[in-house]
Protein chains: 2
Amino acid sequence: MYTLAKACSHHNHGHCISDAINSARQLCDERGVRLTSLREQVLELVWQSHKPLGAYTLMDMLAEASTRRVAPPTVYRALDFLLEEGLIHRINSLNAFIGCPSPTQKHQSHFLICQNCSVAVELESQALNQSIIDAAADSGFSVTSHSIEINGLCPSCQASANKESK
Amino acid sequence: MYTLAKACSHHNHGHCISDAINSARQLCDERGVRLTSLREQVLELVWQSHKPLGAYTLMDMLAEASTRRVAPPTVYRALDFLLEEGLIHRINSLNAFIGCPSPTQKHQSHFLICQNCSVAVELESQALNQSIIDAAADSGFSVTSHSIEINGLCPSCQASANKESK
DNA sequence: AGAATTAAGGTTATAGTGTAACATAATGTC
DNA sequence: GACATTATGTTACACTATAACCTTAATTCT
């Protein structure tokens with residue numbers, strides 16, 4: 001039973017999924033790479049929520065959806081492809097994967113991760129990017145990639161926490 | 001044979017190790033926690049180089065040093081203690097651990113990781129810290145911790161790369 | 001279209017990372 | 001010294017990921 005709770009109860013999550021699938025199709029088409037049905041299925045599963053999902057969770061979801069048994073390499077290969085094309089990100093601190101909402105724009109992996117509800121949202125800040133470049137440059141380091149994982153409480157979990165404490 | 005190459009050939013790495021051990025002893029003493037010989041040994045092994053080391057590598061190093069066999073929980077418990085006390089950091093993207101050069105100052109885990117020589121150095125930038133806080137605040141997110149892992153080339157590997165290409 | 005080539009996926013086995021649970025030993029407290 | 005607490009030893013296992021090899025599907029070439 002992998003009907004995960006919606007990440008944000010106030011939004012129609014179906015749109016997130018269909019948007020992600022549509023732009024993935026278009027993007028793969030433009031790049032001449034193949035978004036096979038397996039890859040698309042994995043992408044769709046990743047997008048079932050805004051919570052990062054582990055490879056083995058995805059594997060179980062795949063198996064549940066398809067009667068046949070699914071082995072780790074099947075899901076890892078699909079994940080590798082999706083990572084390669086920037087359609088998903090990997091959250092290192094969680095060994096988990098999450099859909100990328102803006103795969104057309106090349107960017108680094110920067111996330112706000114709620115320690116209460118597990119939702120992870122991408123963070124984009126030009127100032128932050130610049131700070132990284134500057135700080136690295138101060139050390140004479142030439143940057144090829146970077147990842148930021150920020151843990152804390154999302155706005156709605158902060159609100160819940162406040163209510164609790166009264 | 002775990003005599004790893006020195007991280008920086010131009011410095012006397014013995015100082016790094018002895019400084020780390022000395023300040024760890026003092027710090028644990030002040031806090032009333034016990035830097036047992038096992039924990040100190042693991043800390044010293046972590047400090048054998050400026051390259052992050054995996055738990056199983058450390059386990060093998062421990063075993064080599066002590067005739068008796070060493071099981072995973074032994075090293076993980078020591079690592080947990082050292083992490084707890086801020087004496088080491090964990091590099092999530094590498095599943096590896098590295099000594100903290102400034103354990104007395106509470107700080108987040110920010111690293112520059114050379115993809116050529118594997119050396120990881122801590123990055124401290126007030127501007128960067130502020131950028132994170134600001135960016136999170138823009139999203140209404142309350143931050144409890146964060147980690148930054150920047151991959152690229154350290155100055156000396158950049159120099160080598162330039163020489164190579166001539 | 002058919003053969004050759006390449007790419008994707010299936011299958012088995014195993015490597016690498018981390019923890020649970022319980023037993024023993026060491027340390028600290030009264 | 002008896003007791004409680006903390007640390008370590010030990011066994012077993014869970015979770016994450018990849019290697020290697022085989023089969024199937026898609027693409028390319030003539």
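Bear in mind that the values here come from a model prediction, so they are computed numbers and not experimental data. A note on names: the letters A, B, ... follow the listed sequences, proteins ahead of strands, and every chain is numbered from 1.
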query = Hey, which of these two, B:G54 or A:P72, hits DNA chain C nearer its 5' end, going by closest nucleotide?
reply =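 Checking each residue's closest nucleotide, the 5'-ward one belongs to A:P72.
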
Nucleotide nearest [X] when distance is taken to its side chain, options [options]:
| X | options | result |
| --- | --- | --- |
| A:R77 | C:dG10, D:dT10, D:dA19 | C:dG10 |
| A:Y76 | D:dT18, C:dG9, C:dA20 | D:dT18 |
| B:R39 | D:dA7, C:dA8, D:dT11 | D:dA7 |

Would you check if the distance from the ring center of B:H107 to the ring center of B:H146 is below 6.0 Å?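 They do not qualify: ring centres at least 6.0 Å apart.
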
### Task
Could you tell me if the ring centre of A:H13 sits under 6.0 Å from that of A:H15?
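No, too far apart.
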
Tell me the interatomic distance from [X], atom [atom1], to [N], atom [atom2], rounded to whole angstroms.
| X | N | atom1 | atom2 | result |
| --- | --- | --- | --- | --- |
| B:E84 | D:dT6 | CD | C1' | 15 Å |
| A:L62 | C:dG9 | CG | C1' | 12 Å |
| B:I91 | C:dT17 | CD1 | P | 14 Å |
| A:N95 | D:dA14 | CG | P | 18 Å |
| B:F81 | C:dT27 | CZ | P | 15 Å |

Open item on the list: If you compare every side-chain N and O of B:R69 against the phosphate oxygens of D:dT8 (OP1, OP2), does one of them come in below 4.0 Å?
Closed with: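 No, because none of the side-chain N or O atoms of B:R69 sits under 4.0 Å from OP1 or OP2 of D:dT8.
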
Q | Any B:T74 side-chain N or O less than 4.0 Å from OP1/OP2 of D:dG9 | A | yes

task: May I ask whether A:Y56 stacks on the base of D:dC15, given the cut-offs of 5.5 Å between ring centres and 30° between planes?
output: no

Should A:E40 and A:R25 count as an ion pair when the cut-off is N to O under 4.0 Å?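 Here A:E40 pairs with A:R25 in a salt bridge, since their nearest N and O are under 4.0 Å apart.
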
side-chain hydrogen bond (donor to acceptor under 3.5 Å, both in side chains) test vs B:E122 passes for just one of B:H110, B:Q108, B:H89, namely B:H89

- Query: Is it true that a side-chain atom of A:S49 and a backbone atom of A:K51 form a donor plus acceptor pair closer than 3.5 Å?
  - Reply: yes

Closer than 3.5 angstrom, by distance alone: can the side chain of B:S118 be matched with the main-chain N or O of B:C114 as a donor-acceptor pair?
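Not at all, since once roles are kept as given, no pair shorter than 3.5 Å links the two residues.
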
*Going by heavy atoms closer than 4.0 Å, what residues in residues 26-37 of chain B are next to DNA chain C?*
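Correct list: B:R34.
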
### Query
Quick one: the side chain of A:R68 and the base of C:dG9, do they pair up donor-acceptor inside 3.5 Å?
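Answer no: no donor N or O sits under 3.5 Å from an acceptor.
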
* Working to the nearest 0.5 Å, report the span between NE2 of B:H50 and SG of B:C16. =>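 Between B:H50 NE2 and B:C16 SG, I get 3.5 Å after rounding to 0.5 Å.
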
